[in-house]
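Notes follow the structure.
Note: hydrogens, waters and symmetry copies are ignored here, and every other heavy atom, side chains too, is used. Sequence lines set the chain letters: A, B, ... in the order given, protein chains first and strands last, and positions in each chain run from 1.
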Number of protein chains: 4
Amino acid sequence: MSLRLLESLATTEALADVFSDAAVLASMLRFEVALARAEARVGIIPTPAADVIAGVTLDVFDPAAIARGARASGTITIPFVEALTAKVRAADPAAATFVHWGATSQDVSDTALVLCLVRALGILTADHNRLAGALRRLSEGHAGTLMLARTLLQPAPPITFGLKVAGWFGAVSRSEGAMASAARDACVLQFGGASGTLAALGSQGLTVASELARQLELPLPDAPWHAHRDRLGSLVAACGVYTGTLGKIARDVSLLMQYEVAEAAEPGGPSSTMPHKRNPAGCAIALAAATRVPGLVSAFLSGMPQEHERGVGGWQAEAATVASVVQTTGAALAAMAGVVERLSVDPERMRENIAATHGLVFAERAMMLLAPALGREAAGRLIAAAVDAAARGGESFVAALTANAEVVSTLTADDLSSLGTPEVYLGVAEQFRRRLIGDERE
Amino acid sequence: MSLRLLESLATTEALADVFSDAAVLASMLRFEVALARAEARVGIIPTPAADVIAGVTLDVFDPAAIARGARASGTITIPFVEALTAKVRAADPAAATFVHWGATSQDVSDTALVLCLVRALGILTADHNRLAGALRRLSEGHAGTLMLARTLLQPAPPITFGLKVAGWFGAVSRSEGAMASAARDACVLQFGGASGTLAALGSQGLTVASELARQLELPLPDAPWHAHRDRLGSLVAACGVYTGTLGKIARDVSLLMQYEVAEAAEPGGPSSTMPHKRNPAGCAIALAAATRVPGLVSAFLSGMPQEHERGVGGWQAEAATVASVVQTTGAALAAMAGVVERLSVDPERMRENIAATHGLVFAERAMMLLAPALGREAAGRLIAAAVDAAARGGESFVAALTANAEVVSTLTADDLSSLGTPEVYLGVAEQFRRRLIGDERE
Amino acid sequence: MSLRLLESLATTEALADVFSDAAVLASMLRFEVALARAEARVGIIPTPAADVIAGVTLDVFDPAAIARGARASGTITIPFVEALTAKVRAADPAAATFVHWGATSQDVSDTALVLCLVRALGILTADHNRLAGALRRLSEGHAGTLMLARTLLQPAPPITFGLKVAGWFGAVSRSEGAMASAARDACVLQFGGASGTLAALGSQGLTVASELARQLELPLPDAPWHAHRDRLGSLVAACGVYTGTLGKIARDVSLLMQYEVAEAAEPGGPSSTMPHKRNPAGCAIALAAATRVPGLVSAFLSGMPQEHERGVGGWQAEAATVASVVQTTGAALAAMAGVVERLSVDPERMRENIAATHGLVFAERAMMLLAPALGREAAGRLIAAAVDAAARGGESFVAALTANAEVVSTLTADDLSSLGTPEVYLGVAEQFRRRLIGDERE
Amino acid sequence: MSLRLLESLATTEALADVFSDAAVLASMLRFEVALARAEARVGIIPTPAADVIAGVTLDVFDPAAIARGARASGTITIPFVEALTAKVRAADPAAATFVHWGATSQDVSDTALVLCLVRALGILTADHNRLAGALRRLSEGHAGTLMLARTLLQPAPPITFGLKVAGWFGAVSRSEGAMASAARDACVLQFGGASGTLAALGSQGLTVASELARQLELPLPDAPWHAHRDRLGSLVAACGVYTGTLGKIARDVSLLMQYEVAEAAEPGGPSSTMPHKRNPAGCAIALAAATRVPGLVSAFLSGMPQEHERGVGGWQAEAATVASVVQTTGAALAAMAGVVERLSVDPERMRENIAATHGLVFAERAMMLLAPALGREAAGRLIAAAVDAAARGGESFVAALTANAEVVSTLTADDLSSLGTPEVYLGVAEQFRRRLIGDERE
């Protein structure tokens with residue numbers, strides 16, 4: 001297992017595997033094999049040498065030794081290539097000459113990271129699709145479920161739960177769109193040789209590069225990007241935005257799940273000591289991700305000013321950061337897909353919580369009705385008196401307000417009777433909901 | 001002047017004006033006037049009231065009082081609307097009722113911020129165009145200028161200065177593309193009323209919103225985004241990536257400008273004490289931006305999990321951060337446009353610095369030439385001996401190597417004579433350069 | 001006024017003044033005057049020259065011109081010294097020679113920043129004392145006020161509000177202690193001249209430095225710290241920790257202030273549209289600070305690897321960051337001092353909220369009582385059944401549990417009768433409270 | 001081996017072990033055993049039960065299963081305690097009741113983290129001592145080695161290499177002092193039970209807590225700190241400051257190691273393609289750490305506003321962050337200890353680099369000598385002319401300047417002859433060096 005206990009909330013098993021030593025070694029080997037084959041095809045190295053290289057199996061590499069070597073040389077590629085060369089030499093000394101031919105360390109480690117990213121992003125996309133589907137269904141199912149809006153954690157005029165969920169859906173869809181777009185740009189071949197000119201391949205650099213890209217099923221960028229990390233930076237940043245969006249949903253759910261609110265709940269996890277308790281464990285994972293990833297984004301961005309043709313420090317800081325960002329984003333995605341798919345919603349409690357405000361959340365509506373006739377100041381005085389009465393308890397805001405003769409003479413019978421009816425004060429909530437969900441476009 | 005001394009390197013005069021109190025107040029007033037006109041046009045408020053509101057001038061607002069009020073109420077909108085209402089009331093008590101009709105504080109402050117961003121991004125685009133043009137010209141002019149590549153700050157086989165600059169151009173172009181795309185998504189109207197349903201406008205919410213968007217020349221998004229900050233987050237992050245790219249160029253220039261390297265120099269600034277000195281003042285501004293902005297990006301992203309329909313804390317942290325990010329990015333852009341436009345380049349010194357390595361940077365080429373014939377190990381021993389000889393001084397690497405009989409018998413006369421000739425070891429540098437600059441596509 | 005609208009929640013008027021252009025210019029001038037006097041006293045410059053320098057008044061400086069000059073030269077000191085020199089020359093050409101004698105730009109700007117910090121930290125300390133005093137009084141006054149604990153936002157066995165507040169007090173006290181200690185280390189003279197050796201002063205460098213430090217009432221550090229920013233970094237980081245602590249208190253208060261919880265409330269601010277509403281405006285300022293400052297801390301720390309004797313980029317990024325961190329911390333402190341001093345607490349509602357859990361929060365206590373006799377598994381089954389019964393509504397957990405014969409025969413009469421009595425399940429809450437408040441030590 | 005390839009530059013083998021699954025499980029088990037023993041001693045649980053618990057061995061735990069369980073429950077403690085309880089039950093059903101008696105999940109995981117930190121900080125301290133010792137020796141050995149100062153990467157009047165290294169020593173010493181102090185505060189027992197009152201232990205909570213602390217050799221804090229993370233935050237931040245200091249040294253060394261500067265070099269690592277090359281691999285590790293850690297500090301700080309008695313999100317984000325920060329700091333420390341211990345210094349090249357400025361770095365000295373007699377403006381004109389002459393090549397600045405009759409008549413013979421002698425323009429460099437190294441105090 002590649003997942004570590006201290007990071008168990010910051011990844012998933014599937015993603016931990018994608019960035020495991022075995023997967024990294026496999027990606028590096030895949031690069032070297034594809035390079036040898038591409039060069040053999042172009043006639044730069046002998047085909048038999050490429051065949052020997054292609055015959056090396058993963059089990060010959062000792063991750064511990066390579067990690068140790070990485071600290072001495074500043075990159076995992078050097079000890080890896082040494083081990084690969086030794087293995088090839090044992091099989092065929094002549095072939096050993098052509099291992100890693102014309103490539104530089106960073107070609108291998110960057111492309112290996114990209115190959116891991118391609119796999120990881122496939123997992124994220126699948127979880128996104130689960131989440132988006134669940135959100136859409138939840139929104140459709142609760143298009144007519146009324147609840148309090150809450151601004152700065154204080155009750156405000158009602159919305160529908162369907163609109164709230166559609167807002168989540170819209171943000172999730174935009175965030176994934178940006179992430180997928182950044183991933184397409186970032187997941188490209190790295191291949192430039194020592195100085196980024198492929199000089200060791202003479203005039204055939206682009207031919208080999210194209211063939212290598214084809215073999216690895218990666219796009220060929222316009223040029224190597226050893227010291228230009230903007231594409232990776234955009235991907236990392238897009239993960240940061242998506243994680244923020246997931247954290248927003250998690251915050252909302254965890255607040256709705258408070259015992260005193262109790263409008264929605266994720267299945268959650270148990271407590272080690274309190275038999276009665278269900279904890280918002282899924283939300284905790286997503287909120288932890290939203291706490292953790294922004295700093296990692298910052299770490300990546302602050303390493304971007306890399307020196308000349310290969311940086312000293314900025315580049316070396318990236319691998320651990322990129323792997324953490326993608327895994328933590330994926331952990332949040334998987335958690336929230338689970339939370340939303342299994343969310344229990346209590347429309348009755350939502351109603352009760354509206355009612356429990358004693359009509360106070362309709363004070364705005366009263367203002368809109370009374371002010372044109374009475375002026376904002378006079379209307380304000382009437383409303384403030386009714387708010388006070390309701391806050392003191394006893395009667396509701398609406399009752400207190402409509403006890404006033406001036407109010408009665410100002411409002412229509414319809415307005416009077418519906419002043420505290422949430423359904424008539426939803427504005428264009430349903431239109432916004434449909435626009436967010438995308439029904440409008442059909 | 002809106003620029004402050006302690007932030008003088010983190011903005012420009014033009015950008016400081018964009019986010020000045022005067023500009024913010026003007027944007028807020030513009031929102032309220034456009035809202036009144038839109039509502040009058042739809043028939044929701046009386047046209048004369050809208051006219052009175054539209055007649056208010058900026059000079060009636062006291063920024064100090066509004067800032068003070070903001071601390072008490074948590075937003076600059078509330079004291080602003082109070083001041084506006086008082087002014088309107090003084091002119092026409094009936095009109096005062098209809099100030100800010102149906103809007104919420106965040107509608108005003110978010111849209112005002114967006115209006116400032118639209119202006120700021122126009123400035124950034126103009127500076128980007130200057131920078132990109134200067135980079136393209138510089139790259140074209142130095143397509144044949146040879147220099148050392150440097151990896152981990154150590155010399156590596158040669159590149160051209162044209163390729164180096166083309167790499168900068170490519171990164172700058174991609175970064176601006178991403179920033180502009182994020183800006184188009186982010187610069188949209190905010191208008192949702194108290195709970196994001198435009199309930200106070202009954203069924204006419206979308207009609208008013210469309211008209212308001214039209215008046216402010218902003219796109220109308222699918223729904224309000226009071227607590228969904230992903231679009232702004234993507235813009236802020238894109239600024240972070242662009243700043244990182246600018247920092248990379250600045251790092252390169254500042255390193256090339258070292259007295260011991262002296263291959264390129266910006267005009268720079270003087271020293272307060274050292275009469276002989278020119279400091280890389282433009283690069284310092286860009287590197288400072290690349291140091292400063294990543295943390296601001298992190299600050300924005302970590303505020304994204306905002307509570308329910310309007311956040312408490314995350315939202316309130318944004319305005320200062322967004323304004324800083326955009327200004328600091330713009331400061332770096334303006335500085336680097338100036339640096340690149342006026343960069344002095346010393347191709348002769350570049351040549352001398354290649355020569356000063358005594359041919360060591362051609363050791364890779366020697367390996368590529370010798371290893372196929374001699375095997376990598378045998379070739380490695382010959383090369384290491386020549387490297388040692390050159391490192392001890394006296395003769396050059398190429399002379400030491402070609403003094404060896406085995407080398408002479410292995411290499412062709414051409415290879416022998418050109419082993420230390422940088423021009424023949426550039427690989428596909430020029431092809432990469434053209435692909436980056438975009439000449440290839442024509 | 002120095003406070004800007006977009007930053008109105010991220011500073012206070014007093015702190016904005018401390019970092020205003022006027023204050024920065026005054027600090028720079030104070031340095032130059034003290035330097036001239038110190039050098040005159042040591043006999044390095046003529047006393048009349050020092051007198052002329054000391055006679056320059058602040059009004060001769062144009063902040064806009066200096067800010068503009070700073071962008072060209074990379075520091076505000078160079079245009080400042082030019083302006084100062086011009087003014088001195090106008091008064092006495094001979095004196096002009098001795099302006100800024102032997103100092104470097106960074107000596108002036110760093111010391112000016114330190115002088116601003118000294119003033120700012122005085123303001124922070126005063127607000128801390130207000131806050132700490134208010135917390136202590138609040139804790140003492142509510143030593144016996146019972147309320148629910150809440151873990152992961154779910155109800156847990158009771159605590160006292162006094163203990164909760166004492167926890168805040170403890171964290172605030174530790175955080176301020178660390179900040180004050182870091183401030184003492186950081187607020188020291190910067191004076192090293194061009195290369196940090198005071199070479200221009202010959203052998204008298206330390207004598208002048210001591211006298212300068214004395215005049216400015218700043219400690220003299222062991223050596224200049226032009227490129228060693230650890231002391232400032234520790235201060236910035238300590239502000240980050242303190243802000244996090246303030247954010248924790250603000251989060252708690254904002255959650256307690258929810259309509260559905262209603263156990264405590266800050267006076268708060270009004271809404272622009274909702275007449276009934278009080279927003280947690282003070283908590284919003286502190287939570288915004290806790291969102292914003294960590295990224296600023298990161299920005300500072302990532303600029304620490306500064307080149308050789310004066311950095312290019314890292315150093316230039318600091319001033320804006322340090323000023324923001326301290327002001328934002330101070331804004332949070334002032335806000336929370338206000339929140340705590342005027343916090344309204346509702347012990348009755350706290351009681352009701354305990355009661356509203358129908359005894360579920362005593363399930364742990366039931367386990368502790370039953371498990372030793374029945375074993376954890378058997379006890380767990382009994383408790384789970386009672387929890388289910390209570391969750392279904394109708395009877396309380398305690399009633400459901402004590403309806404079971406096995407429970408009745410296992411527990412003592414005392415335990416039975418007090419199972420749902422919060423007072424008997426407080427453990428050592430009061431002892432912890434006293435230890436935190438410091439009463440224990442007396 | 002616990003070190004992972006993608007993190008191989010961000011930790012060391014020893015530190016990876018400290019935070020490995022095995023070490024985490026061992027620490028958790030150590031807590032539970034110590035708790036059982038403490039409670040048995042106080043008479044709260046039966047001694048035989050404690051004995052059975054103490055008999056459980058580490059090999060019974062399956063880290064993969066526990067990590068999986070952690071994702072479901074939000075903490076590694078719950079699946080750990082379940083596994084432990086199952087094991088104890090198998091040995092003695094009665095004892096199983098008393099596993100984890102009165103503790104909460106966070107008591108276990110926080111204390112386990114603290115126990116890991118204690119071990120990790122021991123490793124860091126040892127590496128710090130190596131580094132500090134090497135720096136002190138290096139500084140003493142080069143007290144008289146002259147070199148250029150460099151400000152904004154441009155040459156400035158000379159310093160000694162001994163002073164430069166003493167500056168590093170001072171920063172390292174201060175940074176370690178702050179880190180060690182924060183570690184002492186942070187490494188304390190966590191023990192509070194479900195709500196932080198130790199209610200399940202009745203009136204004996206503090207007695208058990210004291211005994212538990214004694215058994216674990218950890219200080220007992222005044223109260224549990226489940227939601228008050230300032231102590232950990234201060235430790236994490238101190239690591240950030242120390243890493244910044246290490247990054248500063250690494251930046252300097254990597255710049256000195258440039259081929260064009262060549263004043264000092266670390267042994268470095270090889271290149272995968274360039275036989276001639278030594279890369280600053282140790283500096284790269286430290287600079288990568290200084291790039292990476294600030295964002296992690298930010299991640300920790302932004303999670304500090306934790307909800308009520310146990311947070312949802314902020315807390316869960318910490319473990320991975322703290323482990324990364326400490327390991328990355330330790331990786332930088334180990335790398336720089338190696339770099340400094342084996343640094344090769346080239347005093348001759350340092351001299352040559354001073355000489356290569358053609359005396360330009362003495363322009364300041366010339367100003368200090370001429371200005372008092374001629375006035376700053378006249379002196380400035382003479383110096384500028386000589387600077388220009390030297391910059392055009394041919395003669396040196398000093399020769400150009402002293403060719404001027406006015407200069408000759410103004411300066412003493414001594415000053416004239418020593419104008420370009422670096423030794424006489426060192427100011428109080430040696431005094432500062434001694435103050436930094438601490439010799440002064442003796």
Using non-hydrogen atoms only, which part of A:I76 is less than 4.5 Å away from chain D: side chain, backbone, both, or neither?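 Only the side chain of A:I76 comes within 4.5 Å of chain D.
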
State, without any angle test, whether A:R71 and D:T12 hold a side-chain donor-acceptor pair at a distance under 3.5 Å. no

Rounded distance [0.5 Å steps], [atom1] in [X] versus [atom2] in [Y]:
X      : Y      : atom1 : atom2 : answer
D:R4   : A:S20  : CZ    : OG    : 8.5 Å
D:T321 : A:E7   : OG1   : CD    : 9.5 Å
A:S109 : D:L5   : OG    : CG    : 11.5 Å
A:L6   : D:S324 : CG    : OG    : 9.0 Å
A:R292 : D:F300 : CZ    : CZ    : 12.0 Å
A:L9   : D:S73  : CG    : OG    : 8.0 Å

In terms of heavy-atom proximity below 4.5 Å to chain A, should [X] be classed as side chain, backbone, both, or neither?
X      : answer
D:A331 : both
D:A72  : backbone
D:T11  : backbone
D:P280 : both
D:E318 : neither
D:V312 : both
D:I285 : side chain

Do D:L287 and A:Q316 make a side-chain contact, defined as non-hydrogen atoms from C-beta onward lying under 4.5 Å apart? no

Partner chain D: residue of A:A334, A:A112, A:G313, A:G295 with the largest heavy-atom pair count (under 4.5 Å):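 Among the listed options, the one with the most contacts to chain D is A:G313.
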
